[in-house]
Structure formats: structure tokens, C-alpha cells
There are 2 protein chains.
Amino acid sequence: MAESRSRRKRGSLSAEEIVAAALSLLDREGESALTFARLGQELSASPTAVYRHFASRADLVVGLADHLDELSLDDYEPSDDWRADLVDLAWRAWRTAVNHPAAAAEAMGVITNGIHELRAVDAVLRALHQAGLRGREAVVHYQVYTNLVLGSAQSHAMHLARVVDGAADDAWVQIYTPRDPSQYPYAEAVKAELRLVDPEEVFGRQLDILLSAITAGVAAAPAGA
Amino acid sequence: MAESRSRRKRGSLSAEEIVAAALSLLDREGESALTFARLGQELSASPTAVYRHFASRADLVVGLADHLDELSLDDYEPSDDWRADLVDLAWRAWRTAVNHPAAAAEAMGVITNGIHELRAVDAVLRALHQAGLRGREAVVHYQVYTNLVLGSAQSHAMHLARVVDGAADDAWVQIYTPRDPSQYPYAEAVKAELRLVDPEEVFGRQLDILLSAITAGVAAAPAGA
DNA sequence: ACCTGAACACCGTTCAAGT
DNA sequence: ACCTGAACACCGTTCAAGT
């Protein structure tokens with residue numbers, strides 16, 4: 001078999017190409033595909049060549065996270081409507097998680113210190129500033145918003161990625177078949193409906209609750225405390 | 001060296017003992033300590049003995065998650081105040097994450113189908129029922145509440161666990177030193193404060209926002225839609 | 001931030017054999 | 001849901017040597 005690889009030209013490999021290969025690998029084959037061996041195949045290079053561009057696997061994941069940040073912010077322009085901006089930014093993160101579940105499961109929530117992350121941080125803080133939040137209030141709500149958006153998007157991505165990669169998804173079937181169902185009447189009463197909740201609807205609700213609280217909070221306590 | 005282990009008596013190992021060993025291992029040595037080799041040492045048994053009680057490493061993590069559920073719910077009693085109950089349950093999860101960061105980082109957010117998880121599901125649904133929520137509304141808010149509590153607690157646990165295990169924590173120092181700070185004025189303006197936000201305060205805020213929304217929503221739209 | 005191949009320590013899992 | 005030891009396939013990482 002033609003297993004001997006043609007040698008890569010000097011300087012022909014780049015961090016960008018490696019990250020792109022990692023992303024398409026994860027998209028096609030799921031979470032467990034991101035190994036040095038598979039990356040080497042994908043790049044037609046030695047697995048160890050990656051170490052010339054990333055210090056470790058963890059460092060590569062940071063590079064991947066930065067790329068996901070870039071994809072999420074592509075063509076983003078702030079408007080005059082802070083609430084619309086925060087809704088827009090939130091769904092951008094969500095869509096990235098849906099489009100690249102395995103990559104998002106691995107990389108979303110990683111702090112990159114990259115330029116695109118900084119752009120996102122600034123965009124969120126700008127919106128909160130326009131909402132009237134200042135100083136400590138702005139910072140705390142920045143954290144609340146970020147926790148909500150990144151946490152929800154990553155956890156959704158993990159769920160989607162596990163379906164591709166691993167075991168069955170009918171988890172709820174078993175949990176609601178305890179020995180004595182009458183001991184858990186509230187769980188029993190809604191067990192059918194629990195399986196039908198749309199994660200997207202939950203995310204939208206969660207976002208709406210937070211943005212309404214910001215609106216109300218600013219209106220109610222403009223002088224602080 | 002006295003490296004030869006005395007043989008374990010037949011039936012002397014149990015799933016409970018293994019989970020307890022895994023937990024104390026994670027508590028003492030951090031996330032990377034949960035391996036079959038270290039578990040074997042801890043139990044004075046062959047690493048492979050664990051396979052008599054758990055089908056795989058993933059299955060062991062489910063057992064660990066179930067144990068964390070049990071620890072979280074220890075001595076829990078519902079009251080007549082649904083809001084106080086939801087606050088209580090939320091902080092129980094948070095405290096488990098703080099007390100066992102490495103274990104919570106690994107196991108929290110895993111669906112166990114276990115009895116203690118079912119108890120928690122029922123307790124949350126009971127509180128939402130007492131808040132006046134029914135059917136679809138109850139189920140959606142159950143998901144919103146669970147996403148918030150489990151997501152926040154696990155992400156906090158991950159943060160705490162990484163400090164023990166891995167690299168430095170001064171991530172923010174670098175991100176806010178871009179080439180041209182004036183391009184990111186909002187981030188620049190609050191960079192000092194961003195590092196000082198207490199995760200516990202953020203969690204409390206987030207919880208308060210959700211519970212207030214439930215109260216307001218029930219008061220505003222008791223007839224639905 | 002050059003690329004490769006061999007080697008190392010480690011990790012989850014399997015399985016025949018022991019008690 | 002018995003326990004052990006040897007073995008297997010795999011994975012991240014290092015490093016001397018090649019271009």
C-alpha cells in the first residue's frame with residue numbers, strides 16, 4: 001500500500017491549517033477524533049509536526065477556541081439597540097455550537113486571551129454600557145451573561161456531540177421508571193413532557209429572562225443600591 | 001521493596017468503596033488522578049478489579065455523579081416556601097462543587113438515572129408546582145433552573161480544579177494588554193474590576209434573577225400566554 | 001515557532017487463569 | 001456484578017537526526 005507520505009516542504013505547515021484540519025476532523029468524526037495521529041493523517045504530515053506550532057494538545061484546543069470565536073463574530077456589527085446586540089451575540093455562540101458540536105464541546109468555555117475573545121468581551125460590555133450599567137454592575141452582569149451564553153451553548157454542544165460519538169440518548173426513559181413511582185409524583189406527572197423540551201426554546205427563555213431583568217433593574221434602580 | 005499486594009478477599013470490594021476511593025483520590029490529587037492504576041493502589045487491589053463493579057471508566061463516573069447527588073441532597077427536607085427550597089437546592093449543588101471540585105468537574109452534569117437524581121428532579125418540580133407553574137411552563141422552567149444551577153456549579157468546579165491541577169490563573173492579565181487598547185475601550189475601562197468579581201456573587205445574582213422572573217411571570221400571566 | 005521516525009511513559013480495556 | 005497479571009491498542013510527548 002502507498003503508506004509512505006511525501007515529505008512536507010519546510011514552512012508549508014501553519015497554525016491556521018492545523019486548526020482548520022482539527023475542526024473538519026471533529027466535524028466529520030466527532031469528539032474522539034482529535035488525536036495527533038489522526039491530525040497527522042489529515043495534514044499528510046508526521047503527527048509530531050504539530051508540536052512546531054502548538055506547545056501541547058491543550059494549546060491546540062486554545063487555538064481551536066480562538067477560531068470558533070472568530071467564526072462566531074464573523075461580520076458582527078454593533079447597532080444602537082443594546083438588547084438586540086446581546087440577543088445577536090448570544091445566538092451567534094449558540095449557532096457555532098450547533099454547527100460544530102464536537103469542537104464546541106471541546107473548546108467553548110476555554111479562555112484564549114485571543115483577539116476575537118477580546119472583541120466579544122468589548123462588544124458585550126459596550127451593550128451593557130448602552131443599557132445604562134456602570135462599574136461593578138456592568139462587570140457582574142457581564143459575567144452573568146457570559147456564564148449563561150457560553151455555558152448553555154457548550155452544554156448543548158456536548159449533548160449533540162455525545163449523540164454522534166457515544167451511547168444512546170433515551171436517558172429519561174429509565175430514570176422515570178423507579179420501583180415506586182408514587183414516591184416521586186411531580187416527576188411522574190410531567191415525565192412525557194420532559195423529553196419533548198426544545199433546548200433552543202430553553203436557551204431563548206433564559207436569555208429573555210436575563211435581558212428583561214437588566215431592563216427592569218436599570219429602570220428601577222438608576223441611582224444604585 | 002514490599003510491592004507485592006496482599007490478595008483481596010472474594011467479595012471484599014464494593015461499588016460504594018470504589019466510588020469513595022475515587023472521590024478521596026480526586027479530592028487529594030486533582031482531576032488527573034482518576035486512573036485505574038491509581039484506583040488500584042488506593043484500594044490495595046488490582047486495577048482491573050474495578051471492572052467487576054463498573055463496566056467502564058464512564059460508568060464509574062456515573063457512579064461518582066450519583067454519589068455527589070446523594071451528598072448534595074443529604075438531609076434535604078422540602079418546606080412550604082418554594083423559593084426558599086429552590087435557593088436551598090441551588091446552593092447545595094454549589095457547595096458540592098466547592099467541596100469536591102475535581103469530582104464535580106468530572107461528574108456534575110452527567111445524567112445518572114439514579115435514585116438521588118430522581119429525588120432532586122422531583123424536589124425542583126415540586127417547588128415549581130407550588131410556585132403555580134403547570135405543564136409545559138413547569139417543564140421549561142425546570143430545564144432553565146437545572147441548566148443554570150448545574151452549569152454554573154460545574155463550571156466553577158472546573159475552574160477550581162484547574163488551579164489545583166494545571167497552569168497559572170492570571171489569564172486576564174494578558175488579554176487586556178492588546179497592541180492597541182483604545183480599540184477596545186469598554187473592556188479597557190473595567191479590566192481591573194473584571195478580575196475581582198466573586199463567582200459566588202454572580203451565581204447568587206443569576207439565581208435571584210431567575211426566581212424573580214418566575215414570581216413575576218406567575219403573577220403576570222396566570223391564564224397562560 | 002522546520003519536519004520526521006523511533007522511543008517512552010501512560011492509559012483504558014480484554015481475557016485466560018487463579019482463588 | 002469474584003480477583004489477578006499479562007497483554008493489547010492507543011495516546012501525548014520528547015528528542016536526536018534529517019532536510
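This is a predicted model, so every value here is computed, not measured. When reading the values below, keep in mind they use all heavy atoms of this one structure, side chains included, and skip hydrogens, waters and symmetry mates. A note on names: the letters A, B, ... follow the listed sequences, proteins ahead of strands, and every chain is numbered from 1.
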For dG12(C), does the base pair up with any side-chain atom of Thr35(B) as donor and acceptor (N or O, under 3.5 Å, distance only)?
no

Assert: residue with more 5' nearest nucleotide on DNA chain C, out of Leu13(A) and Leu34(B), is Leu13(A)

Give me the distance, rounded to whole Å, that separates dT19(D) from dA1(C) when you measure between the P atoms they each carry.
23 Å

I need the CZ-P distance between Arg8(A) and dG5(C), as an integer number of Å.
14 Å

Starting from P on dC11(D), measure out to CZ on Arg57(B) and report it in whole angstrom.
15 Å

Expected output: side-chain Ser44(B) to main-chain Gly40(B) donor-acceptor under 3.5 Å:
no

From OH of Tyr51(B) over to C1' of dT13(C), roughly how many Å is that when rounded to an integer?
4 Å

Atom CD of Glu17(A) to atom P of dC2(C): distance rounded to whole Å?
15 Å

Does Arg7(B) have a side-chain nitrogen or oxygen under 4.0 Å from the phosphate oxygens OP1 or OP2 of dC3(D)?
no

When every non-hydrogen atom of Ser152(B) is compared with those of Phe203(B), the smallest separation belongs to CB-CD1, 3.5 Å

Phosphate-side-chain proximity, His53(B) and dC3(D), N/O vs OP1/OP2 below 4.0 Å
yes

Tell me: CG of Leu25(A) to P of dC11(D), nearest whole Å?
11 Å

What is the distance, rounded to the nearest whole Å, between atom CZ of Arg52(B) and atom P of dT13(C)?
14 Å

I'd like to know if Asp88(B) and Arg92(B) make a salt bridge, using a cut-off of under 4.0 Å between side-chain N and carboxylate O.
yes

Side chain of Ser56(A) only, heavy atoms from C-beta on: which candidate in dC3(D), dT13(D), dC11(C) is closest?
dT13(D)

Using only modelled atom types and a 3.5 angstrom limit, is any donor from either the side chain of Thr48(B) or the base of dG5(D) paired with an acceptor on the other?
yes

Measure the distance from CZ on Phe36(B) to C1' on dA6(D) and round it to the nearest whole Å.
17 Å

Decide, yes or no, whether a salt bridge links Glu70(B) with Arg119(B) under the criterion of side-chain N to carboxylate O below 4.0 Å.
no

In Watson-Crick or G-U wobble terms, both distances under 3.5 Å, what is the partner of dT13(D)?
dA7(C)

Does a salt bridge link Arg205(A) with Glu200(A), judged by any charged N lying under 4.0 Å from a carboxylate O?
no

Rounded distance in Å - CG (Leu39(B)) to C1' (dT13(C)):
14 Å

